[in-house]
Every structure is written in structure tokens, then in C-alpha cells.
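The structure under discussion appears below in the form of C-alpha cells.
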Amino acid sequence: MEKNLLRYIWRHTRTQQIWILAIVLLSMVPYFAAFDLPKQIINGPIQGQGFESPDARAPFMAFDFTIPLTGWDLSFDGFALDRMSMLMGLSAVFLLLVIVNGLFKFYINTYKGRLGERLLRRIRYELVDRVLRFPPSTMKQVNGAEISTMVKDEVEPFGGFTGDAFVQPALLGGQASAALFFIFLQNVWLGMIAAVMVAIQVGIIPKMRRRLIDLGRQRQITARHLAGKVGEIVEGIDTIHAYDTTNFERADIAHRLGQIYRIRFELYQWKFIVKFFNNFLSQLTPFLFYSIGGYFALRGSLDVGQLVAVINAYKDLPGPLKELIDWDQARQDVQVKYEQVLEQFELPHLIEADRHGLSAVTPTFGLGPLAATNITVADGAGAKVIEGVSVKIERGETVAVIDNMGSGGEALAEAFGRLVWPLSGKVTLGENDLLELPESVTGRAITYVSASSYFFHGSLKDNLLYGLKHAPTSTVSYSGRDAANRRWEIQEAQLAGNATFDLNADWIDRRSTSIMRGFSDDLKQSVLRALDAVQLTSDVMELALHSHVDPEDNPVITERIVKMRHALREELQREGLGHIVAHFDPTAYNPEATVAENLLFAATKRSTPHEIEVAETPYVHEVLRRAGLSALLFDMGLTIAENLVEIFADLPPEHPFFQQLDRLSAEDILIYQQLLQKRKTRAGQTLTEDERRSIVRLSLHYIEPRYRFGVLTPQIMDQVVAARDLFYENLPADLRDRVERYDPHRYMAAATLRENVLFGKPSHRVPDAVANIRRIAARIMDEMGMRDSLMGLGLEFDVGSGGRRLTVTQRHKLSLARALVRRSDYYIFNRALPGLDRRVQEEIVRDVIDFLREQDNNPSVIWVLSNTSLSRLFHRVIVFDRGVVVEDGTFEALDKESGIFKSLVA
């Protein structure tokens, strides 16, 4: 990139700058004319110059002009007007000039803004493009939050300055020169005074502002580091809480904020010192004009109209002058910022741009062996992790890589995946150097997976298909306004040097899916088979069953869910298992549900995470009072509290018995113990309303078959059922949208899919109730052909930033599944399943290998294993020891020898 910001701006906006400079030059004509007009109005019709007699007339709009070089004479005698008509005519011209000058300013400022935004877009695109071309070694050192801050915030001033880069000094300099020249025309001495004051301001103020630039640079750097630290806190919040270092991080943030505060305070001091000095000089000049100009006017060497015109012209001089000085400061400031940004993005070894060229053509597979020839790889600290290693992987091989000591296997996998560049030697694909091949080849022929694979904010499906989005495979047909908008987007992207790819086009390359049978459902089968291979299908199904579906958005699915609900109930009855689910009945109490759930008899939801549950709102307690249940539930709650205190009071907080309590912790038990003690020791003292409600809360969340305290009497159950209609009689508006009454023939949007299917509660008395329900529901789901629909819903689950809404195990499995969906020659798995149970690891590794063996392109599998015993599943085993290959052969051959491999798998 260009080192100088002004040259960078000129190179990319030269044509537009020339055009706007021409407009600025043209705008000087009416601008200068507006200076002379007040003098004509005052001296002419107001003071009567040229109107000495009552019937005198003067020419209006007369001119005599000779065209240079041609000698042609243009003249016009004008309109003869009396004194009053001349006053109105000149005033109208003054108003016209005001409008014309305003229109010029409007056009110039609008054009400048558009020019600036276009260049800002170009710079941001170039910076992100450079991030995509950073060498792997650099990417391991950069702070993502700092880079994003630079792209988002630190380049923002460049856009505002772009429009002013050449136009502002031309416009302001022209305005200041016009005003100064006009003053000289009226009086040389006043012009000299104005010129001296201008020279002082131009000479001193910029020097005083250099300190402001230095402070601004310090502020920018410290703010960038603060953003980086906040990003680290967000990324590492789990580690911070796990190690109790929250206060250390608070101290760090406080220190950084203190540095910023000190810099900003000094910045404010200098800023207002400069402002004071500038304002003083600006006010000193009018003082000189009034005194000296008044002296000349009293002497008769300067008429009043000229003095008024001079003062009026000078009023327009400090503004452009001050803005011109501000422009110079802004120029220096943005140049410093530009240089700081370049320091982060101007790297000596960027990946060549042609390596990332767009290619919609699927590369021909079968490019030859993947080989490392005498390569040496260093880690981030510069220590060599492998040295002089040569390995060749032929097509169709399954290779296990294990380490005795060191991380040579991981380094080899990263070199094959082009995530590290060897210090010496080279990695080749067929006859070609891997680093010389475009990513359209290596990024499709080689699939690399590690435990640290990243997931983008979006759905499971988006992340699963991410590896297929190489280039647009089809165009979108736009019409009407959409077509016009698309043409405008392309034009603006071209002018800003951005890519013109259509994000709305179909980017999924269905010709490179793992399953290729020529059927339209190859993509679907690739996804489903990949999920099966990594044992993620059940997780996706669980995500679907825990999701909420709007009947208006998915009417077909919700209608079939209601049918499945009835089918499940009938099937349970047919198999004699009707007792394992307590279905919701509008006329009966459900013993497997809480008292609150029986009272509301509805699915509930929270509009925001901070809202309290519907069952704990004041309205519910008001309904209990009107239904005569408050006292009953309070007495019931006291008994529950006494039982809980008796059972749990002396147990440590980590005791497994606390796992049996859904909504209570050891701290809650202590609170209830204190409440009971207070009630016993102060018999005459009543509990507060909040204390009474906390006792009633125990009753509202009580389930008799689960806790078995024997406190839920038939009388209470009947009264709760009777109070259901009372609850809905005067339901407040804020609760009306949060509750949806149970109806066996209607889908409930407030409930999850699982709750809609079951429409009841599993029995706590039957140990295998949940397992039986799942078994029967799965069979019905298959019979009704709903599995694919539910899988589709599960695949729409939002994984969150970096996939954080998934468990660690789910992220590892999803990373593998994403790799299996795409068709490649070489699959490199670099310790892709850390921390999984050995049995699960073996099942997944076996299934993944079997899945890939079924592919007709005969791919190779290279797997750096955490569990060395799994090497028996591979044709070939490579053993590293201290960064050197010490053994390489078939599993059977190495297993017979008494080498390092034998000791590792023993």
C-alpha cells in the first residue's frame, strides 16, 4: 500500500478530485461577488451615491467585458432603475448569491462525503483482504480484537479526510484569499493588518498543535490495546472464572483506563490552550479594524461602505483560515494513524493475491502424492519441532501419526494443511510445491481438521456447509427495484475496488460433496451420513426437540407434531405403557407436574432473560388469595421447609443429595432454616410479605411423586384445578403474551417440540419411563416420515459466537462432520478428538475411515492420534520422537518389532 495517505487518496480518486476542484474554482465567482455587493448596496441606494436628484436613475446589471486573446467585446447597458428599485434589485441579487453559494456548498459537501465513504470502503476492504493473505506465522501473533478495532474505528477518520484532502485547502484557501484580496482592494493598510494576523495564525497555531498530534497518537495506541484486552477477557472468560482472576483483570483494565484518562486530560488542556490563543488572535483583528479603520473613515480616506465591506469580508476570513489550520492538523493526524495502520498490515511476506483467485471450476482430483521433502518446521518461539523430515503419502493410504516425545506429528499435519510454512525443504502435492498452488486447488483437494477449528456465528447447517462455499455456482435473477439496487451495488463496489461477488447467489458447490451419485439429494445425504459417522445425529435431534417453532412459520411441521402427539398416546396405551406419562387434562390435576404448572395449565415463556417466571409474579399470588389457596399453600410450604431443613441442613453444599433439588441450593436451605427459627423464637411476630411468598414458592414448585412428603392433599389439588379459570379471568396484558393454555388439539408455540409431542409429564415412579418414551416416539417419528424435518430444524440451531452454544465434544464432532461433507483427496485430522472417551473415539475413527473408504475418489487419511492404540485401524503408522521420524511402516510390522511404537501401544 502507498506510504503517504495523500498520495494514496490521489491515486484512487484522481478523476473525482479534479472534477470537484473545478467546481470549487467555479464557486469562487459568486463567493467573491457576494463580498462586493454589500458595499454597492450601502454606498448606492442607501447613502444615495449616484442618486443625487429625486428622479435620478442608475444602470442595473450593466457590464462591459473583453474576451482575452479574441478581442471580442461583450457589453450590456443594463436596466435603468430608481433608488428604491435599485435597492430591491441589489438585495434580490444578494439573496440569489446566498442561494447559489449555499447550493455550491451543498453539492461540494455531498460529493466529498460520497468520495470519502467510497475510499473508506476501499481501505477497509484492502485491510481485510490483507488479513486473509497474512502468513500463518503472523496470524498466530496478531490480536483479533485489535485488528478488528483498526479496521472498524481507526480508519474511520480516513473517510472524512478523503473528501477534504484536496478540496478543503482549495476551497478554504480560495475563500480566504478572496476575502483577503477584497480587503486589500478596499484599503492597503487594513489588508496588511489582516495579512499579518493571518501569517501569525498560520505560523504559530500548527506548531502548537503538534503536541496534540502526539497525544492523539498515544491515545489511539492505548485505546487499541484496551480493545484487545477486552477481547481477550471475552474470549477467556471461562479461564478467568476458573482461576479466580477477575480482580486481577479489573486491576489491569483500571490501569489501562488510567493511562487513557491521563492522556485525554492532557489532550484537553492543550486543545483549549490552542483554542484560546486562536480565538484571541481572531478577536484582535476586528479591534484593529474598528480602531484603525474608524480612524481612516474619520480622516475621509475610507468611506463607511468600504469599512463595512471590509469588516463583513473579514468575518468570512477567520472561519476558512481556522478550518484550513484544522485541515493541516487533520492531515498530520490521519497520516500518523495511516502509518500506524500500515505497520500492522504491511508485511514482507503476504500470500500472493493470485493464490486466492476465484475459481468456480472444481479441480480435477487425483493430483498425485502428498509429500514432505527434508522439511524443518519451527514453533512460534522459533524452536524447531521437526527437522529434516521426509514423508510421502500415496493416494488411498490411511496413515496414523503418533508422537513419543515432542509435537512432530502435529507440525507435520500443519505443514500438510498449509497452516505453517517450513523453514527449509518443501511440501509438494504431486509435482507442485504446495505453497505455490492456488487455494482453489489446495483448499479443496486437502481437508484439514484440528481440535481448535473455528465455527462462525450462524446455524449448524451454515457451519456444516461452510467448506463447500468456494465460489458462486449460480446467479440470482433480479428484477425491478432489486435489479437496480444490484447494478448500483456492482458499480459502487467497482469504484471502491471491492469484489463484486453476489452474496445472495448460491455458493454451495454440490459437485464437491462427499457423496456423488448424481442425485439431487447428494448434499442432503452427505450431511446426514457425516453426522451419523461422527455420532452427532442424536445431538442434532435433541437440539430440534428443545427448539421452539412458530406455527405461522412452519404450519406443516406443527400440524404433524400434533398428530404425532396423539399417535404417541395411542401407542403407549396399546403397549400397556399409558401409565408412564401423565397427560394434561383440563379437568384433572396432573400429579407429575408442579402446583404452579397445574394452576396455570399452560406453556410459559420469558420475553427477556431478566423477567421473573410467571408463577412468581404478584398476579399469581393475587389469584391464590382470591381462590382461598394462600393459607393452604403457606402451611404446605412450612411443612416442606421443615422436611427440607431436616434432610439437608447438615449436609455439605457439594453433597449429591442437592442434585435432587431443581430450584434450591445449600444457601436456600440455610435461608429457610433461618425463617423457621425466626418464626419459632418470635411467635407473635408475623413474617413479611416477601418471606411468606418465599414459603409459598416451595409449594408452587412441589411435585408429590418426586419429593413424597405427603403434603399435597386432594382438597388442595381440587382447589388448584378450580382456580385455573380464575387465573385467566383478568389476566394482565403483560402476561397474556407469555402464557399459552394447554389444548390437546393445538400446537403450543410457547412450548418446545418435545413438550408438544409429549403433552404431559413422564412418571417419576417408573425408572425407565423416559427411555421407553424415546424409543416409541422415535419409531413413530420414522413411520410418519418426520425425521428429516426434525433434523432440518436441529440444523437451524444457532451455534453462537465461535460455536460456544455447543459443548466441547459437540464442537469436535461438528468439525469432523464439516470435513466429511466435502470431497477431498487428502483428509488430515490433527488430534481432532481430544478428551473423548476411548470407546467413543474408536467408534468415530472407525466410522470416519469406513465413510471415506466408500468414496469413489480413493482419498487418503492422515490422522495424528491422541490415543495411540487406535493406530491398529490404519494401514500405515508413522512414529515421531523429538521431531524426527523414527518408525514408519504397517501396524502389523511395527507391532512385531520391539521399538518405540511397541512401547507406546503396549
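Keep in mind the model is a prediction, meaning the values are calculated, not measured. Positions are given from 1, in the same order as the sequence printed here.
- The closest side-chain heavy-atom distance from Phe759 to Leu568 is not below 4.5 Å.
- At a cut-off of 3.5 Å, with distance as the only test, a side-chain donor of His701 or Glu616 sits close to an acceptor on the other residue.
- Checking side-chain atoms of Arg736 against main-chain N and O of Leu731 turns up a donor-acceptor pair under 3.5 Å.
- Here the straight-line distance linking atom CG of Asn598 with atom CE of Met717 works out to 9.0 Å at 0.5 Å rounding.
- Summarising the local packing, CD of Glu689 is surrounded by more than 12 heavy atoms from other residues, nucleotides or ligands at distances under 6.0 Å.
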Chi angles and distances behind the side-chain contact (heavy atoms from CB on, under 4.5 Å) call for Leu806, Leu460:
CA-CA 10 Å; Leu806 301 175; Leu460 270 170; 4.1 Å; yes
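- If you check the side chains of Glu704 and Tyr702, you find a donor sitting under 3.5 Å from an acceptor.
- Taking the six-membered ring where the residue is Trp, Tyr742 and Phe584 present parallel rings, their angle staying beneath 30° rather than reaching 60°.
- For the residue pair Asp502/Tyr478, the side-chain donor-acceptor check at 3.5 Å is satisfied.
- The shortest heavy-atom contact between Tyr672 and Ser694 is OH-O, 2.7 Å.
- Remark: Leu753 CG to Leu790 CG distance equals 6.5 Å, nearest 0.5 Å.
- The backbone N or O of Phe456 lies less than 3.5 Å from a partner atom in the side chain of Asn463, making a donor-acceptor pair.
- A distance-only check finds no donor-acceptor pair linking the side chain of Thr752 to the backbone of His546 [under 3.5 Å].
- Heavy atoms from other residues, nucleotides or ligands lying under 6.0 Å from NZ of Lys563 number 12 at most.
- Between atom NZ of residue Lys761 and atom CD1 of residue Ile580 there is a gap of 15.0 Å, rounded to the nearest 0.5 Å.
- Between the side chains of Thr587 and Asp585, a donor-acceptor pair is found at a separation under 3.5 Å.
- Arg708 contributes a side-chain N or O that, together with a main-chain N or O of Pro705, makes up a donor-acceptor pair within less than 3.5 Å.
- With rounding to the nearest 0.5 Å, the separation of CD in Glu843 from CG in Asp837 is 8.5 Å.
- Checking Arg787, Arg779, Met781 one by one against Glu783, the side chain to side chain contact (heavy atoms under 4.5 Å, CB included) holds for a single residue, Arg779.
- The number of heavy-atom neighbours closer than 6.0 Å to CZ of Arg692, taken from other residues, nucleotides and ligands shown, is 12 or below.
- Looking at Glu592, its side chain does come within 3.5 Å of a backbone N or O of His764 through a donor-acceptor pair.
- Distance check: Leu528 CG to Asp532 CG gives 7.0 Å after rounding to the nearest 0.5 Å.
- Of all the heavy atoms in Arg724 and Leu599, the pair that sits closest is CG-O, 3.3 Å.
- Looking only at distances, a side-chain donor or acceptor of His566 sits under 3.5 Å from a matching main-chain atom of Pro744.
- Looking only at distances, a side-chain donor or acceptor of Arg565 sits under 3.5 Å from a matching main-chain atom of Asn756.
- Ala615 and Val620 get closest at one heavy-atom pair: O-CG1, 3.5 Å.
- Distance check, rounded to the nearest 0.5 Å: OG1 of Thr807 to CG of Asp539 gives 6.5 Å.
- Using modelled atom types, one finds a donor on one side chain and an acceptor on the other under 3.5 Å when comparing Gln715 with Gln719.
- Although no hydrogens or angles enter the test, the distance criterion places a donor-acceptor pair under 3.5 Å between the side chain of Glu597 and the main chain of Thr594.
- Counted within 6.0 Å of CZ on Phe634, heavy atoms from surrounding residues, nucleotides or ligands total more than 12; the atom is thus considered enclosed.
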